[in-house]
**Student:** 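This is the structure I want to talk about, given as structure tokens.
Along the sequence shown, residues are numbered consecutively beginning with 1.
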Amino acid sequence: QVQLVESGGGLVQAGGSLRLSCAASGGTFSSYTMGWFRQAPGKEREFVAAIGRSGGNPYYADSVKGRFTISRDNAKNTVYLQMNSLKPGDTAVYYCAADRFPYPTVSGSSYDYWGQGTQVTVSS
């Protein structure tokens, strides 16, 4: 059983930056593909970014490509999401997730474990 805990959310002005972290415990972190998803009020959860087990094959949603960067530190059992040039449309609860499938995937149903989420609010 893998436990995931996100941190780093908050309130930021448009154009600003935030760095989210997701700390994993209870499993072999390097065995999991890691992803970030988000859910805005009244909307369905959507894929944001994912990264392979060794840190390769980062994949991004078109809406965040060029602004967000996913990375991981397997020695620290942590995955990060660096978010730059934030827009009000990025406001959502952000979740990290772990997937035993060996390649990054955009489908939330593929992921086996989820964190509790961290709120990101971008003001205009």
Side-chain angles (χ1 to χ4, degrees):
Q1 187 79 8
V2 176
Q3 291 82 44
L4 302 172
V5 179
E6 302 95 336
S7 61
L11 173 64
V12 64
Q13 288 189 330
S17 298
L18 283 175
R19 187 195 196 201
L20 305 184
S21 299
C22 173
S25 62
T28 304
F29 182 69
S30 59
S31 297
Y32 294 91
T33 295
M34 298 300 296
W36 286 95
F37 291 77
R38 67 186 183 187
Q39 187 167 20
K43 295 187 177 181
E44 294 190 353
R45 182 181 62 196
E46 65 173 353
F47 169 79
V48 175
I51 191 167
R53 294 170 171 175
S54 61
N57 301 318
Y59 188 78
Y60 300 93
D62 288 343
S63 59
V64 306
K65 200 172 295 183
R67 300 188 298 122
F68 291 11
T69 302
I70 187 171
S71 62
R72 66 189 294 165
D73 185 338
N74 285 348
K76 295 183 178 180
N77 292 349
T78 302
V79 61
Y80 306 97
L81 186 68
Q82 177 67 44
M83 305 186 295
N84 299 329
S85 302
L86 283 161
K87 306 174 182 179
D90 295 318
T91 295
V93 177
Y94 283 71
Y95 300 89
C96 72
D99 187 0
R100 285 176 286 205
F101 189 71
Y103 303 105
T105 177
V106 305
S107 174
S109 61
S110 178
Y111 289 77
D112 302 288
Y113 303 102
W114 292 81
Q116 83 291 346
T118 185
Q119 176 70 47
V120 171
T121 303
V122 184
S123 63
S124 57

**Student:** Where do K65 and R67 land on the side-chain contact (heavy atoms from CB on, under 4.5 Å) test, with the steps shown first?
**Tutor:** CA-CA 6 Å; K65 200 172 295 183; R67 300 188 298 122; over 6 Å; no

**Student:** Determine, stepwise, if the pair V93 / R45 fulfils side-chain contact (heavy atoms from CB on, under 4.5 Å).
**Tutor:** CA-CA 9 Å; V93 177; R45 182 181 62 196; over 6 Å; no

**Student:** Can you check side-chain contact (heavy atoms from CB on, under 4.5 Å) on V79 and I51, steps first, answer last?
**Tutor:** CA-CA 9 Å; V79 61; I51 191 167; 4.3 Å; yes

**Student:** Is L4 reachable from W114 through a run of I, L, V, M, F, W or Y residues, each pair having side-chain heavy atoms under 4.5 Å apart?
**Tutor:**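 No, no single cluster joins them.
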
**Student:** Are L81 and L86 connected into the same hydrophobic cluster when the rule is that any two of I, L, V, M, F, W, Y join if their side-chain heavy atoms are below 4.5 Å apart?
**Tutor:**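 Looking at the clustering, L81 is in the same group as L86.
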
**Student:** Find out whether Q116 and V5 are in side-chain contact, i.e. whether some heavy atom of one side chain is under 4.5 Å from a heavy atom of the other.
**Tutor:**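 A side-chain contact under 4.5 Å exists here.
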
**Student:** Taking atom CD1 of I70 and atom CD of Q82, what is their separation to the nearest 0.5 Å?
**Tutor:**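 These two atoms lie 12.5 Å from each other.
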
**Student:** Output yes when a side-chain donor or acceptor of T118 lies under 3.5 Å from a complementary backbone atom of E6, and no otherwise.
**Tutor:**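 No.
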
**Student:** To the nearest 0.5 Å, tell me how far Q13 CD sits from S124 OG.
**Tutor:**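 Answer for the CD-OG pair, Q13 versus S124, is 9.0 Å.
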
**Student:** Strictly distance-based, threshold 3.5 Å: is any side-chain N or O of N74 a donor or acceptor partner for the main-chain N or O of R53?
**Tutor:**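 The answer is yes, because a donor-acceptor pair under 3.5 Å joins these two groups.
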
**Student:** Scan side-chain atoms only and decide if D73 and T78 contain a donor-acceptor pair under the 3.5 Å cut-off.
**Tutor:**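 Absent: no donor and acceptor within the cut-off.
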
**Student:** Has R100 got its NZ or CZ under 6.0 Å from the middle of the six-membered ring of Y32, at an angle within 45 degrees of the ring axis?
**Tutor:**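 No, a cation-pi geometry is absent between R100 and Y32.
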
**Student:** Give the minimum heavy-atom separation between S85 and D90, together with the two atoms involved.
**Tutor:**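 Minimum heavy-atom contact is O-OD2, 4.4 Å.
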
**Student:** Give the minimum heavy-atom separation between G52 and P104, together with the two atoms involved.
**Tutor:**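 That would be N-CG, 3.6 Å.
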
**Student:** Are the side chains of D112 and D99 in contact, using a 4.5 Å heavy-atom criterion?
**Tutor:**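 With C-beta onward as the side chain, the pair touches.
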
**Student:** Do Y113 and L20 belong to the same hydrophobic cluster, where Ile, Leu, Val, Met, Phe, Trp and Tyr are linked whenever their side-chain heavy atoms lie under 4.5 Å apart, directly or via other members?
**Tutor:**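 Result: yes, single cluster for both.
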
**Student:** Restricting to pairs with a member in residues 27-71, which pass disulfide (SG to SG under 2.5 Å), not counting sequence neighbours?
**Tutor:**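 Matches after skipping sequence neighbours: none remain.
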
**Student:** May I ask you to check whether F37 and Y111 place their ring centres under 6.0 Å from each other?
**Tutor:**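 Judged by ring-centre distance (under 6.0 Å), Y111 and F37 do meet the cut-off.
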
**Student:** Only counting residues at least two apart or in another chain, list the ones meeting side-chain hydrogen bond (donor to acceptor under 3.5 Å, both in side chains) with N57.
**Tutor:**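 In terms of side-chain hydrogen bond (donor to acceptor under 3.5 Å, both in side chains), with neighbours along the sequence ignored, N57 is linked to no residue.
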
**Student:** Measure the spacing between SG of C96 and CZ of R38 and express it to the nearest 0.5 Å.
**Tutor:**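 The SG atom of C96 sits 15.5 Å away from the CZ atom of R38.
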
**Student:** Does the ring centre of W36 sit less than 6.0 Å away from the ring centre of F47?
**Tutor:**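 Centroid distance F47-W36: not below 6.0 Å, so no.
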
**Student:** Under 6.0 Å from the ring centre and within 45 degrees of the ring axis: does the NZ or CZ of R72 meet both conditions for the six-membered ring of F29?
**Tutor:**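 Verdict for F29: a cation-pi partner in R72.
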
**Student:** Minimum heavy-atom separation for S109 to S107, with atom names?
**Tutor:**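 Where S109 meets S107 most closely, the heavy atoms are OG-OG, 2.8 Å.
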
**Student:** Membership question, hydrophobic clusters at under 4.5 Å side-chain separation (ILVMFWY): are V64 and V120 in the same one?
**Tutor:**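 As far as the 4.5 Å side-chain criterion goes, V64 and V120 are connected within one cluster.
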
**Student:** Grouping I, L, V, M, F, W and Y whenever their side-chain heavy atoms are under 4.5 Å apart, do Y60 and Y95 come out in a common cluster?
**Tutor:**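 Y60 does not cluster with Y95.
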
**Student:** Which label fits F68 and Y94: parallel for a plane angle under 30°, tilted from 30 to 60°, or perpendicular past 60°?
**Tutor:**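 Judged by the thresholds at 30° and 60°, the geometry between F68 and Y94 is tilted.
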
**Student:** Does any donor atom in the side chain of S30 or T28 lie under 3.5 Å from an acceptor atom in the other side chain?
**Tutor:**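 T28 and S30 do not have a side-chain donor-acceptor pair below 3.5 Å.
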
**Student:** Return yes if some donor-acceptor pair links the side-chain N/O of T91 with the main-chain N/O of P88 below 3.5 Å, else return no.
**Tutor:**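 Looks like yes, one N/O pair under 3.5 Å.
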
**Student:** Hey, mind stepping through L11 and Q119 against side-chain contact (heavy atoms from CB on, under 4.5 Å) and telling me if it holds?
**Tutor:** CA-CA 8 Å; L11 173 64; Q119 176 70 47; over 6 Å; no

